[in-house]
There are 4 protein chains.
Amino acid sequence: MSLAAPHPPHDGPTRGRPRSEAVERAIIEGTMKLLEDGVPLSELSIERIARTAGVGKATIYRRWRDKEELFVDVLRTAEPPDPELPGTSLRDDLVVLLETLRRRGQADRTSAILHNVRAQMKSSPKIWAAYDSTVIAPRRRAGLDVLRRAQRDGELRADTDVELLYDILVGPMLMRAVLRRTADLPEGLAEQIVDTLLEGLRPVSPPTAPH
Amino acid sequence: MSLAAPHPPHDGPTRGRPRSEAVERAIIEGTMKLLEDGVPLSELSIERIARTAGVGKATIYRRWRDKEELFVDVLRTAEPPDPELPGTSLRDDLVVLLETLRRRGQADRTSAILHNVRAQMKSSPKIWAAYDSTVIAPRRRAGLDVLRRAQRDGELRADTDVELLYDILVGPMLMRAVLRRTADLPEGLAEQIVDTLLEGLRPVSPPTAPH
Amino acid sequence: MSLAAPHPPHDGPTRGRPRSEAVERAIIEGTMKLLEDGVPLSELSIERIARTAGVGKATIYRRWRDKEELFVDVLRTAEPPDPELPGTSLRDDLVVLLETLRRRGQADRTSAILHNVRAQMKSSPKIWAAYDSTVIAPRRRAGLDVLRRAQRDGELRADTDVELLYDILVGPMLMRAVLRRTADLPEGLAEQIVDTLLEGLRPVSPPTAPH
Amino acid sequence: MSLAAPHPPHDGPTRGRPRSEAVERAIIEGTMKLLEDGVPLSELSIERIARTAGVGKATIYRRWRDKEELFVDVLRTAEPPDPELPGTSLRDDLVVLLETLRRRGQADRTSAILHNVRAQMKSSPKIWAAYDSTVIAPRRRAGLDVLRRAQRDGELRADTDVELLYDILVGPMLMRAVLRRTADLPEGLAEQIVDTLLEGLRPVSPPTAPH
DNA sequence: TCCTAATCGAGACGGTACGTCAGGTCTTCTT
DNA sequence: AAGAAGACCTGACGTACCGTCTCGATTAGGA
């Protein structure tokens, strides 16, 4: 993913010393290292990040307006890639989508970081908007596509509110991962949710064709 | 509700001048006023709260270890009271529970405050734990009670995982309120969710008796 | 010496619980103990004095308006008593006066305290005035009396400016003790000064009679 | 005089933005302005100095460890320059030296400041040491030189203790200026002291040559 | 023997200043 | 020009005292 700098260098022809990509990486990876080392979010000052990355403060401010904008890029870099969908059936697709979500809430090395940073970002509206539009919304759109296609193919009743259905599918996972910080969601949870929910939503007549 | 001071005054008999409850109220209400006036959470310094409440900084630190602990009490004071359940049927109880949750996520005067403060609190583990154990957990327990009683009364299939069901019920509401900050959840949403979900969970034989 | 309270208890007949003299002593001696233990003057807060003396702050403020007024009384209590003058000759009296002054500037247990406190008091005009009028001025008056009597008795030339002479006698002792903190003024210094100075001040004709 | 910063900026080659001399001046002159305006020493907080000078507190702490160290520099800047000695005779030199001292104790605009600050400094040993070694001691050395030269030239008896003589000369001036805050020492005082003291110290044989 | 009133230790109260730290901006020299 | 370094102003941090003010508990007279 491109680390498009929020502060573009300049428009005209390239003048002066070009910005070093190595510096860019050093800053982001330095931040992640600090987070992995258990430094609480509240102690993550720009000053400390600059020290860790061996970089001047101005070099950071030249690229990101403030701490939060930097965090969006740190998150973008750390997020695991979105999964390939099998496409064999609505159930299979949904299970894969939810299973990905489940793993994201787990307590592996980087997820704990993501979890914390995401939680803090929600209190900063404009940054949340940026993260939402570049990370959350696309993922949601993909999920809705799966449901709509299933509806078109007759795997889902025509009168189903797919937006609500999506939230009902995804909500409990979030409920458990984000809010209750259980951090060890059981393995079969994704299938359990999907199976529980798809029960009453199947059309009476069998689907015309699997997609 | 009692504002149990995180820094207890002393153990033995009451010695010295007792702490003023009026001051306690002034601090909490001053904080709420600032939040209502749209002051962003990041600009809510102890210094400013003290100024607003007409109170010395030490007077605040005497009661709360830090900003987050103060917020827990602000929240406790501001939270609307939990609803009375009609008890006429499982569906009615659930609709009331979810409707309350929906309204809590709305953009009325105080809810916006709660929303923001709660979001920030999640990045502070120990404070979240305190809020969770005194506010969130009791509410969850009440919800689970409703489901278990319905199961005992035959309104719900015996093999239903009530914990999962609760998360499935509550999750979408949270999904929309907390994460997507829609802030205007439609009126009928609670009924819609309940009706959608209860479909496949009714026992085959009719319930022995409504509770 | 009476520790006349700057805040007199009341005018009328003695009503209510009388002030405890034990408390008065505890405060002054507690302050002296702190000073002896080497606590720098700048760290001598009323709060700490109260803690040390096992006394409420108000109990101190009831007696002294502020720290400086308290120090005046501490000094008055600690000052060594003024010496008896032999009266055998001008030279003998002066040597005793100056010798006393020399010892006051020495580094024995309490003198270091007096030295420090006196130095600080000079930066607080009204307190200095109080100390000056009750301690310094009487001592000076005694010194001038010695000189005037000697002048009357013919031991000193009639045209001598006794005030200036007193300052010339006392000045070097101060110069060395207060300013240069030598703290070990040589034993014979008093005699040396007196002998050096009295040289040119003797009247041509011998004194009519020793007093 | 160079305002050597007590907190040296760095060792190696000049890196980063250099410290602003204008800021240095603003701080010192702001402090002097406050003192001239009659602000008591006890109300001279770093906070207030920073406000007056239009400067951040950290900018002050970057240069001086504490209030007292700052005062040393304020004094150094405010002290009137040491006088040129006429060199025509011992008496003339001494009169000039003492006359300078007398004027320093006077109540002109800045002298009151110096007086107060000096008085307070004496209660802070290490700061006094700094002031003593950079201001007081050199002045004393110059005075002793005058006496020793006079002794070599036969203007003074060979057995005179010049150190004691210096203290005897300077002491009364200090006695009056510092201790008794008379603040209006009479014009002829310097000559009066010198003439009174030199009386008995002249050698029997006339000096070989004026220096 | 009660009553009144000032005292006592304790500590809360509104403030002010402390010395530190971080946020962003700006200047300097080096690359 | 970009970069590292670090000075700069601003303002919050949490602590310590200031001098005042309640508390409950004494400790004396005077009724």
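Values reported hereafter were calculated over all heavy atoms of this structure, with side chains retained and with hydrogens, waters and symmetry mates removed. Sequence lines set the chain letters: A, B, ... in the order given, protein chains first and strands last, and positions in each chain run from 1.
- The minimum heavy-atom distance linking C/Ala53 with C/Ile27 is given by the pair CB-CA, 4.0 Å.
- Mapping C/Ile46 and A/Ala53 onto DNA chain F via the closest heavy atom, the residue that lands nearer the 5' end is A/Ala53.
- For the pair A/Lys57 and C/Gly16, nearest-nucleotide mapping onto DNA chain F gives the more 5' position to A/Lys57.
- B/Thr59 has no side-chain polar atom (N or O) that falls below the 4.0 Å cut-off from OP1 or OP2 of E/dA12.
- B/Glu43 has its CD atom 12 Å from the C1' atom of F/dG11, to the nearest Å.
- Under a 3.5 Å cut-off, the side chain of B/Thr59 and the backbone N or O of B/Val55 do not form any donor-acceptor pair.
- Atom P of nucleotide F/dC8 and atom OH of D/Tyr61 are separated by 16 Å, given to the nearest angstrom.
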Check against salt bridge (Lys or Arg N to Asp or Glu O under 4.0 Å), B/Lys57 and B/Glu47: CA-CA 6 Å; B/Lys57 277 198 295 178; B/Glu47 203 120 356; 3.4 Å; yes

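- When rounded to the nearest whole Å, the span between CZ of B/Arg51 and C1' of F/dA12 equals 10 Å.
- For the pair B/Arg65 CZ and F/dT15 C1', the interatomic distance rounds to 14 Å; values are reported in whole Å.
- Rounded to whole Å, the distance from CD on C/Glu47 to P on F/dT20 is 14 Å.
- Look at B/Arg63 and you'll find a side-chain N or O under 4.0 angstrom from OP1 or OP2 of E/dC13.
- The phosphate of E/dA12 (OP1 or OP2) has a side-chain N or O of B/Arg62 nearer than 4.0 angstrom.
- As rounded to whole Å, 9 Å separates atom P of F/dC13 from atom CD1 of B/Ile60.
- Taking atom CG on D/Leu70 and atom P on E/dG19, their separation rounds to 12 Å, with Å as the unit.
- Projected onto DNA chain E by closest heavy-atom contact, B/Glu21 and C/Val55 fall at different nucleotides, the more 5' of which corresponds to C/Val55.
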Please determine whether salt bridge (Lys or Arg N to Asp or Glu O under 4.0 Å) holds for the pair C/Glu24 and C/Arg19, giving the CA-CA distance in whole Å, both sets of side-chain angles, and the decisive distance to 0.1 Å. CA-CA 8 Å; C/Glu24 205 122 331; C/Arg19 291 194 187 161; over 6 Å; no

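- With E/dG11, F/dA7, E/dG23 as the choices, the nucleotide that has an atom nearest any side-chain atom of D/Arg17 turns out to be F/dA7.
- In terms of position on DNA chain E, the residue among B/Ala50 and D/Ala58 whose nearest nucleotide sits closer to the 5' end is B/Ala50.
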For D/Arg25 and D/Glu29, run salt bridge (Lys or Arg N to Asp or Glu O under 4.0 Å): C-alpha distance rounded to whole Å, both residues' side-chain angles, the deciding distance at 0.1 Å, then the answer. CA-CA 6 Å; D/Arg25 275 195 303 275; D/Glu29 278 167 21; 5.2 Å; no

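- With E/dT7, F/dC8, E/dG23 as the candidates, the nucleotide lying closest to the side chain of D/Val23 is F/dC8.
- With rounding to whole Å, C/Lys67 atom NZ is found 9 Å from F/dC18 atom C1'.
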